[in-house]
Amino acid sequence: MIVSEPNTDHADSTGTDETTPTGSGLAAEKLRRLQRVDDLRGRGDNPYPYRFDRSHTLTEVRASHGDLEAGAETDDEVTVAGRIMLKRDTGKLVFATIQDRTDRIQLFISKGVIGDDAFADVKELDIGDWVGVHGTVMTTRAGELSVKTDRVELLSKAIRPLPDKWHGLTDTDTRFRQRYADLIVNDEARRHFRIRHEVISSFRRTLADEGFVEVETPVLHVEAGGAHARPFGTHHNALDMPLYLRIALELHLKRLIVGGMERVFEIGRVFRNEGISTRHNPEFTMMELYQAFADWTDVMAITERLITAAAQDALGTTVIEIRGEQVDLADPWPRVAMCDAVSDAVGSTVHPSQPVDDVRALADRHGVSYETSWGSGRIIEGLFEKLCEADIVRPTFVTGHPVEISPLARVDRNDPHVTERFELFVDARELANGYSELNDPVEQRLRFEEEQAAKEAGDAERGTVDEDYLRALEYGMPPTGGLGIGMDRVAMLLAGVDSIREVVLFPTLRPEQEIS
RNA sequence: GCGCCUCUAGCUCAACGGUAGAGCAGCGGGCUUUUAACCCGUUGGUUCAGGGUUCGAAACCCUGGGGGCGCACCA
């Protein structure tokens, strides 16, 4: 589509002449660049060649020549490639800044060196174009490390202009929808995803070192279990049956412990059909591990090792800043029982063994709402979330969750009303959840039946009886410790960002009505 | 789902209810050590959409849409 505005005094711009676009705006800009593509093809050049061999990445050039003094020339030849980010044209000398995934470097392009025809092509290059370059390493009078260019090859012509070279993209909507543009121009965005990558690869290394086997279990579930959450539903055509996207990895991984695999983990996407917020994306990445012969204390220890190592690998330090406070992750993480935390907050002893009417009265006094179907344990959790959660800054294990809200966790060996369970909180966010796994098939059936009763009483997020899982437990599951970690949340913590969308490449958004 | 905020050129941002502007990008010209290059000139607008108030609306009101934040939801 070309300029279509009927116009009385600029009739020449609306007529048949579309080879010399006038004006500006996106349409004219794209037309001009497409014209350049045609011109190149017309003279036998390919604006989109198939491959290019480079000798050095840009960091490699900087590493080997970063200490060159100002005004130095070398005979060191390099072949590099990157996207043109900046261009400064002083007439017979062009400076261009190219960027590859490792760094940026300046090209020093002299008409006298490269020749008249090639120099004319350089003048036609646009910001955003990909180029491959051959030349020698030098520094300018001002000391800027540069490639003195004797050959430039266009590797891909950009048809669309880049965002503002100084400000980049700021509109969050555009940044997330056009993540490709965000990644090109915003260093911060690239940093977030580098950290995310380091975290995940660090976890894999730590777990491999400790003898864990990585596995993949089904995403499509007949019943979505292992957590309290509403699932996404889908349908299998050939089987003509409903299926659900998983909300947790837990139940399949523990079947593998029954199978004798002893130490397994999975890093995978889970899906929860719930609200979207700065802390919640409908699809997110969980790491879950299960270790035979271990209990919750072992799992707390491995949680500390995983996250501390990830910080070291991603940031080069275990010291991070949380809400302006310096926190060394290598220090031991405090542990506090959920009931103790709530007791402190309300000023009297609170415990799930207390009659539900007493706990309801406490909830009423503190403005915590509850359903009539909830028992003391679940209301205590509500009190904890309202009164305690927001105050947790440094990594803290909250332990001893009531049995009622922990249908897959083993009862505490010293207190039948709570479980051997912990959740890790940092900066008011839940990062991890682990426990001594319930392996008694008879008790597990009773817990499932309580879940199902609650679901039938109207609590949509409660679970059902998973008969196949019970059958597995009947074969015998060794004593086992289990752990789930929200990888996106760990990446947020280490990247120092407040929104999960900063560490999810393509967060869930409503679709655009029209792409321009 | 509810409340508050926001949406202006490709990008970043202005405009007491009174002719829609600047910087960058683009285009034309100049410049062989610039670096957010600079200097001169210049093109470019469905002000998110629709309706209303007004002599006059980018601005005020209503409806709708996108997004953000908070609450709710979310072990």
Side-chain angles (χ1 to χ4, degrees), chain A residues 3 5 10 13 20-33 70-71 85-97 104-113 119 126-128 138-146 148 159-178 181 185 226-230 247-248 272-282 284 338 369 377-378 381-382 384-385 389 398 401-402 404-409 419 421-423 430 432-433 435 460-463 484 498-499 501 507 509-514 516:
Chain A
V3 187
E5 179 73 12
H10 291 96
S13 68
T20 54
T22 58
S24 183
L26 182 59
E29 175 73 11
K30 286 169 74 174
L31 201 58
R32 183 185 66 75
R33 294 184 183 216
M85 301 302 293
L86 297 168
K87 202 177 154 198
R88 298 174 290 279
D89 183 347
T90 71
K92 297 184 180 63
L93 188 60
V94 168
F95 298 92
T97 302
R104 289 181 170 201
I105 207 162
Q106 175 170 275
L107 306 180
F108 178 101
I109 309 170
S110 162
K111 187 175 187 180
V113 171
F119 195 72
D126 285 298
I127 289 173
M138 59 165 280
T139 51
T140 62
R141 285 176 200 161
E144 179 80 25
L145 185 66
S146 308
K148 187 174 183 181
I159 296 311
R160 184 179 289 262
L162 253 37
D164 190 279
K165 68 183 179 187
W166 185 243
H167 302 95
L169 276 177
T170 60
D171 183 67
T172 50
D173 185 26
T174 310
R175 286 187 51 228
F176 300 150
R177 288 187 194 282
Q178 299 187 37
V185 298
H228 286 156
R230 296 168 68 169
I247 58 174
R272 296 187 182 178
N273 203 342
E274 285 158 358
I276 296 178
S277 77
T278 49
R279 292 168 289 283
H280 301 265
N281 196 58
F284 61 101
M338 180 181 280
S369 58
R378 181 133 190 218
E381 182 193 32
F384 173 79
E385 288 170 356
E389 209 173 278
V398 175
H401 298 59
E404 180 185 355
I405 56 166
S406 312
L408 299 163
T419 54
R421 177 180 172 191
F422 68 89
E423 287 180 307
E430 181 199 342
N433 178 26
Y435 32 86
E461 281 140 24
R462 300 297 283 271
D498 291 325
S499 171
R501 295 186 185 91
L509 297 171
R510 283 196 172 79
E512 290 174 274
Q513 318 91 319
E514 198 179 339
S516 64

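Lettering of chains follows the sequences in order, A, B, ..., and the numbering in each one begins at 1.
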Side chain of A:Leu93: nearest nucleotide among B:U32, B:A25, B:G26? B:U32
What residues, two or more places apart in sequence or in another chain, satisfy side chain to side chain donor-acceptor pair (under 3.5 Å) together with A:Gln106? A:Arg88, A:Ser146
With sequence neighbours excluded, residues passing side-chain contact (heavy atoms from CB on, under 4.5 Å) with A:Thr90: A:Leu93, A:Phe95
Can you check each nucleotide of nucleotides 67-74 of chain B against protein heavy atoms at under 4.0 Å and return B for base, S for sugar-phosphate only, - for none, in 5' to 3' order? SSSS--BB
Contact class for A:Ala227 vs. all strands (heavy atom < 4.0 Å): base, sugar-phosphate, or nothing? base
Can you tell me the base-pairing partner of B:U33? Count Watson-Crick or G-U wobble geometry only, both distances below 3.5 Å, and say none if there is no partner. none
Nearest to side-chain heavy atoms of A:Ile127, which nucleotide of B:G10, B:U32, B:A25: B:A25
Is there a side-chain contact between A:Arg88 and the phosphate of B:A37, meaning an N or O under 4.0 Å from OP1 or OP2? yes
Only counting residues at least two apart or in another chain, list the ones meeting side-chain contact (heavy atoms from CB on, under 4.5 Å) with A:His167. A:Asp164
Going by purine N1 to pyrimidine N3 plus the second Watson-Crick contact, or the G-U wobble pair, all under 3.5 Å, which nucleotide sits opposite B:G70? B:C2
Can you find a donor-acceptor N/O pair under 3.5 angstrom joining the side chain of A:Thr140 to the base of B:U34? yes
How long is the span from the CE atom in A:Met85 to the NZ atom in A:Lys165, to the nearest 0.5 Å? 11.0 Å
For a quick check of understanding: with a heavy-atom distance under 4.0 Å over all strands, which category does A:Leu162 fall into, base, sugar-phosphate or nothing? nothing
Assert: residue with more 5' nearest nucleotide on RNA chain B, out of A:Gly226 and A:Gln178, is A:Gln178
Measure all distances between protein nitrogen or oxygen atoms and nitrogen or oxygen atoms of nucleotides 21-23 of chain B, and list the pairs falling under 3.5 Å.
unit_1, atom_1, unit_2, atom_2, d
B:G23, N2, A:Asp164, OD2, 2.8

Using the rule given for side-chain contact (heavy atoms from CB on, under 4.5 Å), can you reason through A:Val113 versus A:Phe108, listing the C-alpha separation, both sets of side-chain angles and the distance that settles it, and then say yes or no? CA-CA 10 Å; A:Val113 171; A:Phe108 178 101; 5.7 Å; no
For A:Ser406, enumerate each residue passing the side chain to side chain donor-acceptor pair (under 3.5 Å) test, keeping only those at least two apart in sequence or located in another chain. A:Arg421
Paired with B:C60: which nucleotide, if any, by Watson-Crick or G-U wobble criteria at under 3.5 Å for both distances? B:G52
For A:Arg279, enumerate each residue passing the side chain to side chain donor-acceptor pair (under 3.5 Å) test, keeping only those at least two apart in sequence or located in another chain. none
Between B:G26, B:U35, B:G10, which nucleotide has the shortest distance from any of its atoms to the side chain of A:Ala142? B:U35
Using the side-chain contact (heavy atoms from CB on, under 4.5 Å) criterion, which residues pair with A:Pro507? Sequence neighbours excluded. A:Phe176, A:Arg179, A:Asn281, A:Arg501, A:Val504
Whom does B:A22 pair with, Watson-Crick or G-U wobble, provided both distances fall under 3.5 Å? B:U12
Can you tell me if the side-chain N/O atoms of A:Arg160 get under 4.0 Å from OP1 or OP2 in B:G10? no
What is the nucleic acid contact for A:Gly71, judged by heavy atoms within less than 4.0 Å: base, sugar-phosphate only, or nothing? nothing
Looking only at B:U34, B:U32, B:C13, the nucleotide nearest the A:Thr170 side chain is B:C13
Sequence neighbours excluded, the answer for side-chain contact (heavy atoms from CB on, under 4.5 Å) partners of A:Asp171 is A:Asp173, A:Thr174
Please tell me if A:Lys165 has a side-chain N or O lying less than 4.0 Å from either OP1 or OP2 of B:A25. yes
